Amino acid sequence: MSVAVQEPVQAFRTDRDGLALEEMVDEIEHINILKDQARKELERQMGDTSQFDAEKDKTQFRNYEEANDRVKNFYKEQHTKHTVAYNLKARNDFKCKTRAEMTIWEAMEKLNTLIDESDPDTELSQIEHLLQSAEAIRRDGKPRWMQVTGLVHDLGKLLFFFDAQGQWDVVGDTFPVGCAFDEGIIYGNKSFAENPDFNDPIYSTKYGIYTPGCGLDNIMLSWGHDEYLYHICKDQSTLPKEALAMIRFHSFYPWHSAGAYNWMMGPGDEEQLASVKAFNPFDLYSKSDEKPKVEELKPYYMELINEYFPQKVIKW
Ligand SMILES: O[C@H]1[C@H](O)[C@@H](O)[C@H](O)[C@@H](O)[C@H]1O
Ligand SMILES: [Fe+2]
Ligand SMILES: [Fe+2]
């Protein structure tokens, strides 16, 4: 307990004789929570521009070394099972059918039960994470297309309810398959030791099946929510190319944050990188923001959805 909380305890002790110390501590904690809420409300009313909750500083996000076993087991499984063969099959399955027909909002509600096992930074449901991201983008005065991108960027996690084999082929960071796994991937390349591609004579070489400069649109990123939603939005939305880059590569942390795989970049990829980097803070740091009030925000976002997804019912 901090010193600031202990001082009032002393004061209460003399004033309010007889009240059990524990009860007083509870009361003080409650007062502190109320003070915190009041402070946040005041900041909000004064148009505070600090985008994200100051209590969690940026270095506290994505701390995988100290993550719980759920996260560690998730990555072990993901790194063991994502192979070139699996990737080809998943892409083929995707093209062969429509899994469901739903509006964007229905899809958000369906995702409400999914808690992402790969994520050390949030225990919230996905609808809340989507609204937190969109709200952070909106607060920062970014354009409407970017706000709606924040709102939908993780909707690809719907895959979990359709063809997925678990969460390992839906969520988590992405990385290319078909060439050597880079040290910049979470838990390093040794994490792939049991992956059948790890010792493959071609896939284990630096460039593998690719040519340097081939361009990120021409590689096989590990299949998951980014790639799935990218294809859906490319065909069924009017979102600009910057938004499509944000969606497609937002989980490719080894590239956009660790500087790995630059040798793959081709024409237009510098611009894609700039888009993804502009989007990333809103996705990551908004995770510590207040829980959004879904019903209050719905009318605003319904308008945005209708603007960028004109056909309303999406083929998933
Ligand atoms: O755990 C998170 C989560 O699954 C996100 O949706 C994804 O985009 C991130 O890359 C990942 O680290
Ligand atoms: Fe994501
Ligand atoms: Fe996200």
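Given the structure is predicted, the values throughout are model-derived calculations rather than measurements. Throughout, numbering of the chain's residues begins at 1 and tracks the sequence. Remember, it's 1-based here, ligands and their atoms both numbered in the order they're listed.
You'll find the ring centres of His82 and Trp168 inside the 6.0 Å limit.
Checked against salt bridge (Lys or Arg N to Asp or Glu O under 4.0 Å), Asp121 has the following partners two or more places apart in sequence or in another chain: Lys56. Shown here are the side chain to side chain contact (heavy atoms under 4.5 Å, CB included) partners of Lys277, two or more places apart in sequence or in another chain: Leu273.
Both the sub-6.0 Å distance and the 45° axial angle are not jointly satisfied by Lys287 relative to the ring of Phe61. For the pair Arg99 and Tyr228, the cation does not sit on the ring face, since its NZ or CZ is not both under 6.0 Å from the ring centre and inside 45° of the axis.
Counting all heavy atoms, side chain and backbone alike, Pro120 lies closest to Ala67 at CB-CB, 4.2 Å.
Taking the six-membered ring where tryptophan is involved, the planes of His79 and Phe192 are essentially parallel, since the angle between them stays under 30° and well short of 60°.
Sorted by chain and number, the heavy-atom contacts of ligand 1 below 4.0 Å come from Arg62, Tyr64, Tyr75, Asp116, Ser118, Asp119, Asp154, Lys157, Val171, Gly172, Asp173, His225, His250, Ser251, Tyr253.
Among protein atoms, those of element N, O or S found less than 2.8 Å away from the Fe ion (ligand 3) are His129 NE2, His153 NE2, Asp154 OD2, Asp283 OD1.
Between Arg62 and Asp173 a salt bridge is recorded (basic side-chain N to carboxylate O distance below 4.0 Å). For Arg248 and Asp217, the salt-bridge test passes: some basic side-chain N is under 4.0 Å from an acidic carboxylate O.
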